[in-house]
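Below is one structure, written out as structure tokens; comments come after it.
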Amino acid sequence: MSTGAARAVRLTRWGGPPVLTEVAHPTPTNEEVLIEVEAAGLCRSDLHVIDARPGALPYRLPFTLGHEVAGRVLHRGPLATGPAVGERVIVYGPWGCGSCARCAAGAENYCDRRPALDTDRVGTGAGLGRDGGMADLLLVPSGRLLVPVGDLDPVQAAPLSDAGLTAHHAVTMVRHALSEGATAHVVVLGIGGLGHLAVQILRATTAARILAVDVREEALALAEECGAHFGTLSRADTARVLRDRTGGAGAVAVLDFVGSRSSLQLAVAVLRAGGELAVVGSGGGELAVRKPGALPPGTRISLPFWGTLPELEAVAALARKGALKVGVERFALSNAAEAIERLRSGAVRGRAVLVPD
């Protein structure tokens, strides 16, 4: 790609809509790496950013959206390390300080300096206050943030960097509860962009029985395709149906990819004593934590946020050996507005992915 202008989908005012515009062709310096974008995923987190009220997020406008990115290394700064020019990669999205203990361990999603980064309003990742991958080109701060994917289809690869990684991290956080193998039941609430990958990760890495719940019949069909052992619509009697499936004991783990009031109520109702509840979705629901209370005794609650670099490498490895397949709908970058509206209406099956046209 020649120097000059490149296209990017940019948020120029809170509440949107994002604008497809031309931006200057970036040049990498120091440790930076320039990626020629081949695919960029779109998710509900992007809608939260677009719809945010002024002052609600610690980001400065304008910036390019997109935190799920796959592409090729185009140019490297003189101090850059990691993948070579021409290598195909996915971009690790949560950019930390790179030097604290957690960043050094690959857990930039939990960077110790993240509050300071928010205060400084410098942005905390691709498409999160800093220019992201809904564009022809993406400038990445360091090669440490790149994971090679070989010949994996970029449309399949891009969603792995959030949908796949976050789902994997959520499973990791409850994995110890699934040690009972086929007698352990895990409930997955919400079979969307993340939930359908969580089902596949659970099936590939555990022996647990997977019970899927959604409000849409087509989502349950997707869950079955992905390997769920049982699926049911969310109704007034769903808690009873799920408990019956567990022999009355309840699920040892619940992965809630919705996070609404109703999904959290269902999670609490089906969770076994001493169980694990991972709240991944940002649906606005709340839990009252008190003793005694509605939560089963011994409940452990986690709030997974993205995942670590080693986990992203594990996700890429699962995809490359065929254990993970992302359900996608492709859109041209120039049709980003249509993709955003389809996602907003709930019409996307799996993950929406933008491809430069």
Side-chain angles (χ1 to χ4, degrees), residues 8-21 39-53 56-57 64-69 93 127-128 132-135 155-156 158-164 166-167 188-199 212-226 228 231-235 238 255-264 266 279-285 325-357:
V9 178
R10 291 174 67 77
L11 186 63
T12 58
R13 65 180 176 86
W14 297 113
V19 177
L20 179 65
T21 185
L42 176 68
C43 80
R44 291 204 165 271
S45 295
D46 294 306
L47 299 186
H48 295 323
V49 173
I50 293 167
D51 296 341
R53 301 183 310 277
L57 295 174
T64 302
L65 295 166
H67 57 271
E68 293 185 335
V69 190
L128 299 173
M134 292 185 194
V155 173
Q156 283 288 308
L160 299 179
S161 58
D162 179 10
T166 303
V188 180
L189 303 179
I191 312 299
L194 278 72
H196 86 289
L197 291 175
V199 170
V213 181
D214 203 286
V215 296
R216 303 162 298 158
E217 289 280 8
E218 60 270 24
L220 296 182
L222 178 59
E224 182 179 0
E225 292 171 20
C226 292
T232 183
L233 289 172
S234 182
R235 295 172 171 157
T238 300
L255 303 176
D256 185 354
F257 290 98
V258 182
S260 67
R261 179 181 178 184
S262 60
S263 69
L264 289 172
L266 177 58
V279 183
V280 188
S282 303
K325 183 172 178 58
V326 186
V328 299
E329 287 191 35
R330 299 179 184 224
F331 298 85
L333 181 66
S334 57
N335 289 336
E338 176 191 351
I340 290 169
E341 288 312 307
R342 278 184 58 80
L343 177 64
R344 192 183 295 280
S345 68
V348 174
R349 188 175 189 264
R351 208 64 162 172
V353 178
L354 303 178
V355 179
D357 52 325

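Computed from a prediction, not measured in an experiment: that's the story for all the values here. Just so you know, these numbers use all the heavy atoms, side chains as well, and skip hydrogens, waters and symmetry mates. The residues of the chain are indexed from 1 along the displayed sequence.
The two atoms that bring His67 and Ser161 nearest to each other are O-OG, 3.8 Å, heavy atoms only. Nearest heavy-atom pair across Leu220 and Asp214 is CD2-N, 3.7 Å. When every heavy atom of Gly195 is checked against every heavy atom of Val188, the shortest pair comes out as O-CG1, 4.1 Å. Across every non-hydrogen atom of Ser263 and Gly259, the tightest pair is OG-N, 3.2 Å. When all heavy atoms of Ala219 and Ile191 are compared, the pair lying nearest together is O-CG2, 3.6 Å. Taking all atoms of both residues into account, the shortest heavy-atom contact from Trp14 to Ala52 is CB-O, 3.2 Å.
With a 6.0 Å radius and a threshold of 12 heavy atoms from other residues, nucleotides or ligands, Glu329 has its CD atom above the threshold.
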Notebook entry, point to check: Do Val326 and His196 pass the side chain to side chain contact (heavy atoms under 4.5 Å, CB included) test, and can you show the C-alpha distance, the side-chain angles, and the key distance before you say yes or no?
Noted result: CA-CA 8 Å; Val326 186; His196 86 289; 4.1 Å; yes
Notebook entry, point to check: Would Arg10 and Thr21 satisfy side chain to side chain donor-acceptor pair (under 3.5 Å), going step by step from the backbone distance to the final call?
Noted result: CA-CA 7 Å; Arg10 291 174 67 77; Thr21 185; over 6 Å; no
Notebook entry, point to check: Between Val9 and Val19, does a side chain to side chain contact (heavy atoms under 4.5 Å, CB included) hold up when you go through it step by step?
Noted result: CA-CA 5 Å; Val9 178; Val19 177; over 6 Å; no
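Remark: side-chain polar atoms of Arg13 are paired, donor with acceptor, to backbone N or O of Gly16 under 3.5 angstrom. With hydrogens and angles disregarded, a donor-acceptor distance shorter than 3.5 Å links the side chain of Thr238 to the backbone of Leu233. A distance-only check finds no donor-acceptor pair linking the side chain of Asn335 to the backbone of Glu338 [under 3.5 Å]. Counting only distance, with no hydrogens or angles, the side chain of Thr166 and the backbone of Ala163 share no donor-acceptor pair below 3.5 Å.
In this structure the side chain of Pro17 never reaches within 4.5 angstrom of the side chain of Ile50, judged on heavy atoms. The shortest distance between side-chain heavy atoms of Ile340 and Asp46 does not fall below 4.5 Å. Residues Val49 and Leu128 have side chains in contact (heavy-atom distance under 4.5 Å, counting atoms from C-beta outward).
Between Ser45 atom OG and Leu65 atom CG the span is 11.5 Å, to the nearest 0.5 Å. A distance of 11.5 Å separates CG of Leu47 from OG of Ser282, quoted to the nearest 0.5 Å. The CG atom of Leu194 sits 6.0 Å away from atom CG of Asp162, with the distance rounded to the nearest 0.5 Å. One distance of note links CE of Met134 with CG of Leu333; it measures 9.0 Å at 0.5 Å rounding.
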Donor-acceptor contacts under 3.5 Å from residues 344-357 side chains, at least two apart:
from: Arg344; atom 1: NH1; to: Asp51; atom 2: OD1; distance (Å): 3.4
from: Arg344; atom 1: NH1; to: Asp51; atom 2: OD2; distance (Å): 2.7
from: Arg344; atom 1: NH2; to: Asp51; atom 2: OD1; distance (Å): 3.2
from: Ser345; atom 1: OG; to: Glu341; atom 2: O; distance (Å): 3.3
from: Ser345; atom 1: OG; to: Arg342; atom 2: O; distance (Å): 3.0
from: Arg349; atom 1: NH2; to: Glu225; atom 2: OE2; distance (Å): 3.1
from: Arg351; atom 1: NE; to: Glu68; atom 2: OE1; distance (Å): 3.3
from: Arg351; atom 1: NE; to: Glu68; atom 2: OE2; distance (Å): 3.2
from: Arg351; atom 1: NH2; to: Glu68; atom 2: OE2; distance (Å): 2.7
from: Asp357; atom 1: OD1; to: Arg7; atom 2: NH1; distance (Å): 3.1
from: Asp357; atom 1: OD1; to: Ser334; atom 2: N; distance (Å): 3.4
from: Asp357; atom 1: OD2; to: Ser334; atom 2: OG; distance (Å): 2.5

